[in-house]
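To keep things clear, I will list the structure first and then write my remarks on it.
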Amino acid sequence: MARTRHRVWKYGDNVNTDVIFPGKYTYTIDRDPAELARHALEDLDPSFAGAVQAGDVIVAGRNWGNGSSREQAVHCLIAAGIHAVIASSFARIYYRNAINGGLLVITCPELAEAAADGAKIEIDMDEAQIHYAGAAYSFPPLPDQVREIVSAGGIIAFLQQNS
Amino acid sequence: MTEKLLARASGNDIVKPGEIVFIEPDVILSHDNTAAIARIFEQLPQGRVKVPDRLAITLDHAAPPPTASHAQNHARVREFVRAQGIMHFFEVGRGICHQVLCEEGIVGPGMTLLGADSHSTHYGWLGAFSAGIGRSEVAALWATGQLWLRVPETMRITLSGRLNPGVTTKDLTIHLIGDLSADGATYMAVEFAGDGVAGLSPDSRAVLTNMMAEMGAKNACMAPDAVTWRWLEKTLGRTRPDNHEDRLATFRQRALCADPGANYASQYQIALDEIEPMISCPHSVDNTQALSEIEATEVDVGFIGTCTNGRLEDIAAAAEIARGRRLSKRLIVIPASSMVLRDAAEAGYIADLIDAGATIGTPGCGPCMGVHSGVLAPGEVCISSANRNFRGRMGEPGAEIYLANPAVVAASCIAGRLIHPAELTG
Ligand code: SF4
């Protein structure tokens with residue numbers, strides 16, 4: 001797999017699941033992608049849902065996705081077309097929900113520090129590197145099986161397709 | 001120590017924090033939620049559980065079932081257990097999953113467990129790696145026997161000295177969570193070490209590893225020592241009269257401890273004799289205060305039980321306070337397992353508690369999660385030996401839950417307000 005090119009939406013530390021996907025919708029919106037996408041990051045960045053494009057990535061600081069275990073906080077970003085979230089660190093349940101739900105998550109504090117909002121970056125999964133402004137940033141490589149789970153659309157989908 | 005446990009479970013020589021590995025856990029735990037997981041499992045093409053001998057299932061969360069729909073849920077779990085030939089199944093009344101799996105020697109030193117329960121961190125007190133995961137993940141584990149994990153960084157907490165009389169590991173845990181906050185150990189392994197560990201009783205050790213879930217930890221552990229082995233010999237001698245020697249040999253062979261000079265992401269030192277009785281105030285576990293500094297707080301009801309503080313030592317501490325006294329408030333006591341209930345009855349603790357006016361419930365989770373056996377009314381104030389005091393946890397969002405050690409719970413139900421047991425015993 002060659003490098004893939006993405007535009008950055010940049011956010012800070014401790015972005016919790018309430019602002020990624022508002023708690024007030026958790027019981028009314030569950031699976032409908034259009035609805036999920038419409039409310040993504042609503043309370044963090046009202047401009048996001050209208051302007052995000054398929055293939056964009058989120059770059060954030062520490063502890064992305066802390067708070068409730070709601071899976072919509074993963075699904076709404078997939079529905080919005082987000083290719084990956086790259087952060088300095090992730091809350092534990094968010095990290096698990098992301099991979100098992102089919103969202104690529106990459107821990108890379110150096111890039112999270114460097115990349116600016118609106119920047120263009122390139123991700124090279126095979127080399128486990130992100131290229132930005134002429135520099136390369138390494139991240140811990142993901143095992144093939146994890147990449148397969150993500151590209152299949154999550155752990156249940158993966159098992160449905162590969163058994 | 002966690003890295004060593006995960007290296008072996010994933011078939012690697014060494015693993016490093018941040019790395020993702022696939023492990024095949026020795027035990028896969030679920031409880032009343034088994035039926036819900038089975039519905040996810042049905043969407044998978046496998047149809048059959050790949051490793052039925054590694055599944056352990058207990059009926060404990062709403063046991064005996066309080067409503068017909070809970071009863072139906074249990075019936076579905078039994079059906080699943082029979083159809084899939086699940087090896088370890090424990091019926092209503094045997095007790096809380098975490099307590100029962102330890103007593104039965106299903107999990108022990110050097111083993112790995114993944115469970116559909118957030119307090120699956122529990123088993124680290126035996127020197128096991130154990131962590132909680134989501135329901136879809138458990139369904140995937142049933143199908144394949146393996147799951148990915150991110151190797152956590154380790155926080156070491158070094159304990160020195162001894163706890164003062166009347167102070168327990170519950171107070172130590174509340175102190176720690178208050179200090180480091182509810183996300184102080186997010187995604188980390190917490191390892192307890194130091195000469196202070198040796199002085200901690202087996203019943204009290206699980207409180208530490210169990211409640212690290214309330215600090216965001218992925219797992220918590222301590223190396224097995226003489227206390228651990230004595231407890232295992234005694235307990236397995238009772239639950240596995242025929243094969244406890246074999247089981248102990250397996251555990252001995254698999255037991256692991258931290259390397260000298262191991263790397264830690266952070267380190268804390270705690271002098272045990274500086275800890276005093278602590279309270280977690282509503283509505284979060286890290287909202288802590290020293291009992292001595294708390295302002296006058298009336299209580300309506302007390303609860304002693306749960307996987308955190310429902311063991312023999314806890315019931316003994318409550319009986320000690322209650323003996324020869326009269327409760328002024330309701331006190332519900334629910335032993336963590338049938339073994340604990342039996343021992344507590346034999347020791348006379350149950351009689352002491354009943355004579356004082358307490359109610360004894362069926363071994364299991366009781367009202368801990370707010371489904372039955374003593375849930376709270378709006379406005380009620382509960383003093384509890386459990387591990388969580390979130391708003392609505394015991395049934396009603398308008399109720400307030402304070403967490404403390406079992407002796408404080410019993411004393412407070414006698415006085416009708418939060419007090420230090422020494423106020424009664426002089
Ligand atoms: S006793 Fe409470 S915390 Fe422990 S397993 Fe049961 S419901 Fe969970």
Side-chain angles (χ1 to χ4, degrees), chain A residues 13-17 23 31 62-71 73-75 87-102 104-110 125 128 138-150 152-163, chain B residues 10-12 15-23 37 39-48 50 114 116 118 121 131-153 181-189 212-213 215-219 265 284 390:
Chain A
D13 292 338
N14 291 310
V15 173
N16 67 51
T17 50
R31 290 266 157 202
R62 280 182 297 109
N63 207 18
W64 173 271
N66 68 92
S68 115
S69 62
R70 75 180 62 116
E71 294 185 3
V74 166
H75 297 150
S88 301
S89 68
F90 290 88
R92 169 175 132 78
I93 299 182
Y94 193 91
Y95 193 79
R96 293 205 71 84
N97 282 347
I99 289 178
N100 292 327
L104 181 60
V105 275
I106 296 174
T107 309
C108 188
E110 296 78 16
M125 290 302 292
S138 299
F139 57 87
L142 301 176
D144 290 346
Q145 281 161 290
V146 168
R147 289 168 59 184
E148 284 167 17
I149 291 172
V150 171
I155 195 158
I156 296 295
F158 174 78
L159 290 172
Q160 283 167 341
Q161 292 160 23
N162 293 279
S163 302
Chain B
S10 63
N12 289 300
V15 297
K16 289 262 167 272
E19 196 178 320
I20 292 182
V21 294
F22 276 77
I23 74 158
I37 300 168
R39 283 194 287 278
I40 304 173
F41 182 68
E42 280 163 15
Q43 300 169 21
L44 299 177
Q46 276 79 2
R48 291 217 58 87
K50 184 164 181 214
L114 293 176
S118 55
T121 52
I133 53 173
R135 292 178 181 185
S136 307
E137 301 176 281
V138 173
L141 259 177
W142 288 354
T144 64
Q146 60 161 351
L147 191 67
W148 65 274
L149 289 181
R150 180 185 167 280
V151 179
E153 285 81 20
S181 92
D183 61 0
T186 296
Y187 224 134
M188 294 181 97
M212 284 304 107
M215 220 158 78
K218 178 191 200 91
N219 72 305
S284 74
F390 302 163

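Residue numbers start from 1 in every chain, and the chains themselves are labelled A, B, ... in the order their sequence lines are given, proteins ahead of strands. Any value given below was found using the heavy atoms of this structure, including those in side chains, with hydrogens, waters and symmetry copies removed. None of these values were measured; they are calculated from a predicted model.
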Which atoms of A/I155 are under 4.5 Å from chain B, going by heavy atoms: the side chain, the backbone, both sets, or neither?
side chain
Mind listing the closest non-hydrogen atom pair of A/L159 and B/T144 along with its distance?
CD2-CG2, 3.4 Å
Using non-hydrogen atoms only, which part of B/F22 is less than 4.5 Å away from chain A: side chain, backbone, both, or neither?
side chain
Counting only heavy atoms closer than 4.5 Å, note whether B/E19 contacts chain A via side chain, backbone, both or neither.
neither
Answer with side chain, backbone, both or neither: which region of B/L147 has an atom nearer than 4.5 Å to a non-hydrogen atom of chain A?
side chain
Quick check: closest heavy atoms across A/R96 and B/I133, and the distance to 0.1 Å?
NE-CG2, 4.2 Å
Minimal heavy-atom distance between A/P143 and B/I20, with the atoms involved, is CG-O, 3.4 Å
Nearest 0.5 Å please: distance from the CG atom of A/N66 over to the OH atom of B/Y187.
14.5 Å
Bottom line for A/N63: the part with an atom under 4.5 Å from chain B's heavy atoms is side chain
Roughly how far, to the nearest 0.5 Å, is CH2 of B/W148 from CD1 of A/I99?
3.5 Å
Closest approach of A/Q160 to B/P45 (non-hydrogen atoms, all atoms of both residues)
CA-CD, 3.8 Å
When rounded to the nearest 0.5 Å, the distance separating CG of A/N100 from CD of B/E137 is 4.0 Å
What part of B/S136 gets closer than 4.5 Å to chain A, counting heavy atoms only: side chain, backbone, both or neither?
both
Over all heavy atoms of both residues, which pair between A/P140 and B/G18 is shortest? Give the atoms and the distance, please.
CB-O, 4.1 Å
Relative to chain B, which segment of A/I93 carries a heavy atom at a distance below 4.5 Å: side chain, backbone, both, or neither?
neither
Contacting region of A/Y95 [heavy-atom separation from chain B under 4.5 Å]:
both
